[in-house]
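Have a look at the structure below, then the notes.
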Amino acid sequence: MLGGSAVSRTPLDREAVFFCATRGALMRNVLLRRGRVIDPGSGIDSVMDVRIVDGVIAAVGTLAPEPLEQVIDVDGLVVAPGLIDVHVHLREPGQEWKETIGTGTAAAAAGGFTTVFCMPNTDPSLDSVVALEELKRRTHRDALVIVHPIATISEGRQGERPTDYEALAAAGAVGFSDDGDTTQDSGVMRAALEASSRLELPIIVHCEDSALTGGVMHEGDVSERLGVRGLPPIAEEIVIGRDLALAALTRGWLHVCHVSTGTGADLIAAAKRQGVRVTAEIMPHHLTMTDEWVGGCRRLENAVEPQGLGMPADPETKVNPPLRTGADSRHLLSALKHRDIDLLATDHAPHARTEKQGRSLQNAAFGLTGSELALPTLLVLVRSGSLELSDVVNWLTAIPARLWRLPAGTLQPGTPADVVVFDPEETWRVGPHTLVSRGANTPLAGMTMRGRVKLTLVGGDERHRDW
Ligand code: DOR
């Protein structure tokens, strides 16, 4: 249910739309034994066994091994539905030096994700049926996890002419976004949200008023200290306000990307209370890192060996929307816990080494690699008592599955065996050699994180193993 009205679209058929290549070793008869099974969709959080037969969840409970069954001891590990990331940048076509469908989905699998929604700021952008068909061809060939495309709101992401929403929806788009940029023209946004109300697909918005942009980090004390131009919170909040008003007018489904300010979260909460059909996402980096990181002070709450590694104005911290203040992070955490913000996503935004390192803050690209770091980063908040692990899993599985009516996000018997097994305690050092993604652009580089994905299955097919 969104804003009080039921979503009537038929569930997404994973065979009919975007799927992935079958290339792993199909685990036919497997028993995952004695793991902590967390399946928020079924209300399960206890030590149990999970049986997989022919790529499908066959049973969850206390189960005795059967003849010819492969038994995997997962004692001490967490077993959960494969995670769903509604916001990644796969960069293909057109920016393969940053990432490809192959490397981006391998990184997703290494981070425990079995379904991703890819953003359309590719080259060419995903603004036509032809572009979606080409993407489908490539995902069938190269993708290691299920990929659903987000198509653009405007032709070429130029913000001037709406795309053919009906045709793009029929070709498999799960939403529309000009992410990376804001659709400044309110008329185009109105048309998009009107189409959204017909199609029951979200308009996914990157909120930034173009008259107030040009900065490279959060506008505040730290930007002043560093002497660099800031991105004011109000640039984000003005557009959130406009888009909420347009969603109220049109009854379209608005999905606000990467909310980074406390006031932005409050605006969304107030609109929800008034029945506006709005959902919103927060990124792990906005919950755990602040603008102080840009100046070189990196303190990840409770991380192993918190370090002050950075140099002043570190380009690895440059992301849009920017890392905000500690007060914003705390406010966002509270909004998430109060269900004012619906879910978590990564905004995995890989860039080449040369687009970040050795550059000034001014010249570096915006974006952080996120797929493999989301879970370890969120586990920091779990260990500090700020979040419950079952809630984290819920925000990354059952909730996105329910909103988009995906046949995923649960371990219920009879559903495809999309499964992640992770060790919440294993430590590892973040760096280009330990990340699967082609992009190693993260302010966590060099830090030791706790929490490692051990096994990722898509439809029972092994897509990542670290055993
Ligand atoms: O930091 C960002 N990077 N924010 C965006 O909205 C786009 C993304 C990218 O595509 O690199």
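What you see is a predicted model; the values in this text were computed from it and never measured. In each ligand, atom 1 is the first atom listed, and ligand 1 is the first ligand listed.
At a 4.0 Å heavy-atom cut-off, ligand 1 does not touch H285 at all. With a heavy-atom cut-off of 4.0 Å, H351 touches ligand 1 through its side chain alone. With a heavy-atom cut-off of 4.0 Å, N121 touches ligand 1 through its side chain alone. Residue contacts with ligand 1 for H206 involve side-chain atoms from C-beta outward but no N, CA, C or O (heavy atoms, distance under 4.0 Å).
Against a heavy-atom cut-off of under 4.0 Å, D179 is close to the following atoms of ligand 1: 6 (O). Taking every non-hydrogen atom of A349 and a distance limit under 4.0 Å, the qualifying atoms of ligand 1 come out as 3 (N), 8 (C), 9 (C), 11 (O). Residue contact check: H258 has heavy atoms under 4.0 Å from atoms 6 (O) of ligand 1. The V319 neighbourhood of ligand 1 comprises atoms 1 (O), with distances under 4.0 Å to a heavy atom of that residue.
For the pair K454 and F422, the cation-pi criterion (under 6.0 Å, within 45° of the ring axis) is not fulfilled.
Using cut-offs of 30° and 60° for the angle between ring planes, the W253 and W404 rings count as tilted.
With R242 contributing its side chain and Q184 its backbone, the two residues share a donor-acceptor pair below 3.5 Å. Within the 3.5 Å criterion, the main-chain N or O of G180 finds no donor-acceptor partner in the side chain of N121.
In this structure, the ring of H206 has its center less than 6.0 angstrom from the ring center of H258.
In this structure, the protein non-hydrogen atom closest to atom 11 (O) of ligand 1 is R91 NH2, 2.8 Å. Atom 2 (C) of ligand 1 has as its closest protein heavy atom N320 O, 3.5 Å. Among protein heavy atoms, atom 3 (N) of ligand 1 sits closest to F366 O, 3.2 Å. The shortest contact between atom 7 (C) of ligand 1 and any protein heavy atom is with G180 CA, 3.8 Å.
Looking at residues two or more places apart in sequence or on another chain, you find a side chain to side chain contact (heavy atoms under 4.5 Å, CB included) between P322 and H218, L231, N320, R324. For R353, the salt bridge (Lys or Arg N to Asp or Glu O under 4.0 Å) test picks out no residue, with sequence neighbours left out.
Residue contacts with ligand 1: M283 is excluded, as none of its non-hydrogen atoms falls under 4.0 Å.
The closest non-hydrogen atom to atom 8 (C) of ligand 1, taken over M119, H87, E208, H89, comes from H89.
Of the charged side-chain nitrogens involved, at least one lies within less than 4.0 Å of a carboxylate oxygen, so that E355 and K98 count as a salt-bridged pair.
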Residues D179, H87; criterion side chain to side chain donor-acceptor pair (under 3.5 Å); working and verdict: CA-CA 10 Å; D179 181 46; H87 189 149; 3.0 Å; yes

